[in-house]
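Scroll down for the structure; my scribbles are underneath it.
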Amino acid sequence: MLKISLPDGSVREMPKGSTPADVAAAIGPGLAKAAIAARVDGELVDLSRPFTGDAALALVTSRDEAEALDLARHDFAHVLAEAVQSLFPGTQITFGPSTDDGFYYDFAPKGRQFTDDDLPAIEAEMRRIISADKPLRREAIERDELIAQWRAAGESFKAEWAAELPQGEELSVYHSGNDWYDMCRGPHLPSTGKLDPAAFKLTRVSGAYWRGDQNNAMLSRIYGTGWLNKKQLEAHLVRLEEAGKRDHRKLGQEMDLFHLQAEAHGSVFWHPNGFKVWRELEAYMRRAIDAADYKEVKTPQIMDARQWEQSGHWGKYRENMFVIPDEVPNVDDVGPVISGEADWMALKPMNCPAHVLIFRQGIKSYRDLPLRIYENGCCHRNEPHGALHGLMRVRQFTQDDAHIFCREDQIVEEVRSFCALADRVYKDFGFTYAIKLALRPENRFGSEEMWDQAETELRHAVAAAGLNTAEYGWAELPGEGAFYAPKLEWHLTDAIGRTWQVGTIQSDRVLPERLDASYVGEDGGKHRPVMLHRAIFGSYERFIGILIEHFAGKLPVWLAPVQAVVAPIVSEVDGYAREVASQLKAAGIRVESDLRNEKINYKVREHSLAKVPHLLVVGKREAEEGTVAIRTLGEERQRFMPLAEAITMLQGEATPPDLRA
RNA sequence: GCCGCUUUAGCUCAGUCGGUAGAGCACAUCAUUCGUAAUGAUGGGGUCAGAGGUUCGAAUCCUCUAAGCGGCACCA
């Protein structure tokens with residue numbers, strides 16, 4: 001007999017060969033029905049997996065939501081694969097995991113790729129398989145035998161994969177009924193009928209490279225979202241819809257902030273409203289860097305290719321650079337082809353080399369360090385076309401970029417104080433964040449010792465700032481550093497839980513070396529400074545995009561392009577409305593007046609949709625009393641107050657957070 | 001760059017079987033002076049993304065190009 005201990009401390013004796021399902025049945029029919037998997041000695045396994053000895057057992061039911069969701073999504077992926085192979089014979093299966101909100105499966109289709117139009121039929125077939133309540137049965141199988149089976153079945157991707165698993169390893173396949181199986185580690189639900197046929201939806205198709213490598217075959221990926229029940233699915237679809245309403249591209253158009261067009265694709269046309277937000281951010285950042293003893297500079301947009309060669313960008317980054325010939329073209333030659341030998345220039349993709357060139361002017365002493373050089377640096381990068389996305393990924397952008405030149409022994413303190421500065425900034429905008437350390441990538445400059453040292457310093461600095469904790473989502477990301485330095489990364493969490501990588505600080509010894517930056521030390525000798533690359537917003541474009549989505553367009557008053565609109569009810573009080581507007585303007589409020597011959601309902605609607613924070617309505621009563629009726633965005637009530645009081649209130653709200661008492 | 005889809009008025013979109021382009025909003029003019037999410041009437045506005053092809057005839061079918069969207073890959 002086996003001794004099976006349960007979470008409540010009790011122990012059950014079970015015959016050899018029995019399974020978690022047998023224990024569930026022994027406890028009661030209700031539990032037997034509710035159980036979907038088992039945790040045996042901490043490991044999640046099938047209900048039908050026989051015990052191999054005495055064990056601690058915890059039965060998993062749909063109340064264990066995290067496990068249940070993952071199991072269900074994994075099963076949905078299998079059902080999807082089975083459905084596709086049944087509808088499209090000859091399609092090869094490859095790989096299909098669960099995701100944060102559902103699942104996907106990658107197929108190598110026969111003939112053509114799948115399209116959205118295929119989804120309804122596949123969904124219907126999936127529902128049929130679920131309704132058929134097919135038992136999911138695990139079978140252990142020896143590796144070479146499975147490879148032979150996959151080859152015989154024409155499943156070359158599966159065979160390739162199995163062939164890379166260790167020789168002689170026992171693998172497992174899961175059978176769905178008697179007519180379909182897939183290689184899988186498991187575990188799975190006992191049968192397809194445990195899935196709710198109304199709790200999933202196929203959402204889109206896309207291409208995906210086999211094993212994520214663009215040199216490999218392009219597969220056809222089908223995405224779905226999957227849940228435990230219909231209610232959860234519907235709640236998820238509502239969340240998607242809400243997220244769609246925050247889309248900065250849509251809000252940017254509605255609020256007349258900016259536009260993009262084909263003739264300058266990947267570059268932003270900032271409209272007057274959008275640029276007001278930009279200017280407010282720029283002013284905020286200037287106050288921050290002035291207070292932190294940075295020196296602001298402005299450097300050339302275009303530099304000679306030889307300079308980029310020396311910095312290493314020509315070798316490592318040229319694919320992403322806009323390169324132009326350095327010659328005055330003969331007017332007659334200016335046509336589709338520019339021929340002849342040309343020296344090359346390139347638009348800067350980064351500001352760092354230019355900042356080193358400023359550092360190099362004149363002799364620097366150790367007394368000058370740390371020297372913090374800041375620039376609102378406009379960079380151009382020729383990004384892969386498929387990567388462009390609204391304000392989030394553009395080809396021309398402006399970074400809040402700075403480079404701190406310092407001695408080795410100043411690194412930890414500089415990084416620590418940067419952490420404090422970044423913390424202050426993100427809190428001013430209402431974000432929480434996580435910090436990650438991106439470690440050396442494969443494609444890199446510099447020695448192993450240098451990377452060891454740089455990575456260790458950043459770890460120390462984060463520890464000194466007390467940020468290497470779970471609270472700050474501390475994690476290390478192997479292989480994700482820049483080609484010249486490891487990076488600390490700040491990942492913001494927005495109002496609906498999405499994360500955005502914005503800020504970074506990187507400790508770099510490569511560029512000072514390549515561009516021969518040096519300072520005179522206390523010993524009178526020449527020394528190499530370390531260069532810390534750092535940004536907080538990342539880029540103005542992207543940061544504004546994130547702000548728009550975070551606030552769903554309802555920017556805080558200090559950032560709102562138009563902070564208040566004065567709207568008279570009858571034209572008789574236009575004069576008073578003008579007076580109100582002019583007093584607000586004199587008080588530094590970004591105000592507009594809406595004197596159009598429209599009903600107040602119309603004006604309320606229009607300015608609400610435009611997300612103006614405060615609408616100041618004035619009628620005969622207000623004009624007589626010298627008051628205003630304030631309607632604040634998102635509220636239906638009105639507040640009546642004397643004009644002077646309203647001005648004080650608006651001034652308070654319009655004060656940037658760093659200037660508040 | 002790769003896979004799929006899309007592109008019609010300033011915006012959102014309709015346009016059947018290939019027969020010569022429509023709505024709402026916006027805009028303009030006129031009327032209306034109104035108390036918190038759309039006042040009414042009238043009017044102007046289109047090389048149907050671009051190029052080529054099939055056809056008596058193309059927004060519609062085919063090819064190419066460009067851009068956009070969703071992913072993949074990329075992301076200092």
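Numbered from 1 within each chain, the chains take letters A, B, ... in sequence-line order.
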Could you tell me whether the side chain of Glu375(A) and the main chain of Thr299(A) form a donor-acceptor pair under 3.5 Å? yes

Round to the nearest Å and state the distance from Arg393(A) atom CZ to rC72(B) atom P. 13 Å

Donor-acceptor under 3.5 Å (Lys487(A) side chain, Ser507(A) main chain): no

Could you measure between the two C1' atoms, the one in rU20(B) and the one in rC25(B), and give it in whole Å? 27 Å

Whole-Å C1' distance, rG22(B) and rG71(B): 35 Å

Please enumerate all residues that pass salt bridge (Lys or Arg N to Asp or Glu O under 4.0 Å) together with Glu645(A), with sequence neighbours excluded. none

Taken to the nearest whole Å, CZ/Arg596(A) to C1'/rA31(B) is 18 Å

Using Watson-Crick and G-U wobble pairs whose two distances are both under 3.5 Å, how do you write the pairing of RNA chain B as dot-bracket, with | for links to another strand? (((((((..((((.....[..)))).(((((.......))))).....(((((..]....))))))))))))....

Got a sec, which residues hit side-chain contact (heavy atoms from CB on, under 4.5 Å) with Ile569(A), two or more places apart in sequence or on another chain? Ile600(A), Val617(A)

Among all residues two or more places apart in sequence or in another chain, which pass the salt bridge (Lys or Arg N to Asp or Glu O under 4.0 Å) test with Arg444(A)? Glu448(A)

Hits for salt bridge (Lys or Arg N to Asp or Glu O under 4.0 Å) against Glu263(A), two or more places apart or cross-chain, chain-then-number order -> none

Reading RNA chain B from 5' onward, which residue's closest nucleotide shows up sooner: Gly390(A) or Cys379(A)? Gly390(A)

Trace of the salt bridge (charged side-chain N to carboxylate O under 4.0 Å, His left out) decision for Arg534(A) with Glu414(A): CA-CA 11 Å; Arg534(A) 43 108 293 161; Glu414(A) 284 301 310; over 6 Å; no

Can you tell me the distance, in whole Å, between the CE atom of Met321(A) and the P atom of rC75(B)? 16 Å

Base, sugar-phosphate, or nothing: which does Gln399(A) touch, judged by heavy atoms less than 4.0 Å apart? base

Determine the Euclidean distance between corresponding P atoms of rC72(B) and rU63(B); express it in Å to zero decimal places. 28 Å

Between rC75(B) atom C1' and Lys316(A) atom NZ, what is the distance in whole Å? 17 Å

Could you go over nucleotides 2-5 of chain B and give all protein N or O partners under 3.5 Å, atom names and distances?
unit_1	atom_1	unit_2	atom_2	d
rC2(B)	O4'	Tyr209(A)	OH	3.3
rC3(B)	O2'	Gln113(A)	OE1	3.4
rC3(B)	O2	Gly207(A)	N	3.0

What string of B, S and - do you get for nucleotides 33-49 of chain B, 5' to 3', if B is base contact, S is sugar-phosphate-only contact and - is no contact with any protein heavy atom under 4.0 Å? BBBBBBB----------

Over how many whole Å does the gap from Phe269(A) atom CZ to rG68(B) atom P extend? 12 Å

So do the side chains of Arg395(A) and Phe322(A) get within less than 4.5 Å of each other, counting heavy atoms only? yes

Which value, in whole Å, describes the distance between the P atoms of nucleotides rC27(B) and rG10(B)? 14 Å

Take the protein atom NE2 of His389(A) and the nucleotide atom P of rA73(B), then report the distance between them rounded to whole Å. 16 Å

What residues form a salt bridge (Lys or Arg N to Asp or Glu O under 4.0 Å) with Glu254(A), not counting sequence neighbours? Lys250(A)

Pick out which of Tyr105(A), Tyr104(A), Phe200(A) makes a side chain to side chain contact (heavy atoms under 4.5 Å, CB included) with Phe76(A). Phe200(A)

Backbone N or O of Gly503(A) within a donor-acceptor pair of the Gln501(A) side chain at under 3.5 Å? yes

Between rG43(B) and rU47(B) - C1' atom distance, rounded Å: 24 Å

May I have the distance from Leu388(A) (atom CG) to rG71(B) (atom P), rounded to whole angstrom? 15 Å

Determine the Euclidean distance between corresponding C1' atoms of rA67(B) and rA58(B); express it in Å to zero decimal places. 23 Å

Looking for any heavy atom pair under 4.0 Å, which part of the strands does Phe107(A) touch: base, sugar-phosphate only, or nothing? nothing

Could you tell me how far rA26(B) sits from rG44(B) if I compare only their C1' atoms? Round to whole Å. 13 Å

Would you mind reading off the distance between Leu391(A) atom CG and rC69(B) atom P, rounded to a whole angstrom? 11 Å

Near RNA chain B, counting only heavy atoms under 4.0 Å, which residues of residues 245-262 of chain A show up? Arg249(A), Gln253(A), Ala262(A)

What pairs with Ala208(A) under side-chain contact (heavy atoms from CB on, under 4.5 Å), at least two apart in sequence or on another chain? Asp106(A), Arg221(A)

Contacts of Arg221(A) and His265(A) projected onto RNA chain B by closest heavy atom; the upstream (5') one is His265(A)

For residues 617-628 of chain A, which residue pairs qualify under salt bridge (charged side-chain N to carboxylate O under 4.0 Å, His left out), counting only residues two or more places apart or in two chains? Glu572(A)-Lys620(A)

Parallel, tilted or perpendicular, as decided by the 30° and 60° cut-offs, for the rings of His265(A) and His385(A): perpendicular

For Thr91(A), what residues pass the side-chain contact (heavy atoms from CB on, under 4.5 Å) criterion, not counting sequence neighbours? Val84(A), Phe88(A), Phe107(A), Phe114(A)

P atoms of rC11(B) and rC5(B), separation to the nearest Å: 25 Å

Quick one: label Tyr223(A) by what it contacts on the DNA or RNA (base, sugar-phosphate, nothing), any heavy atom closer than 4.0 Å. sugar-phosphate

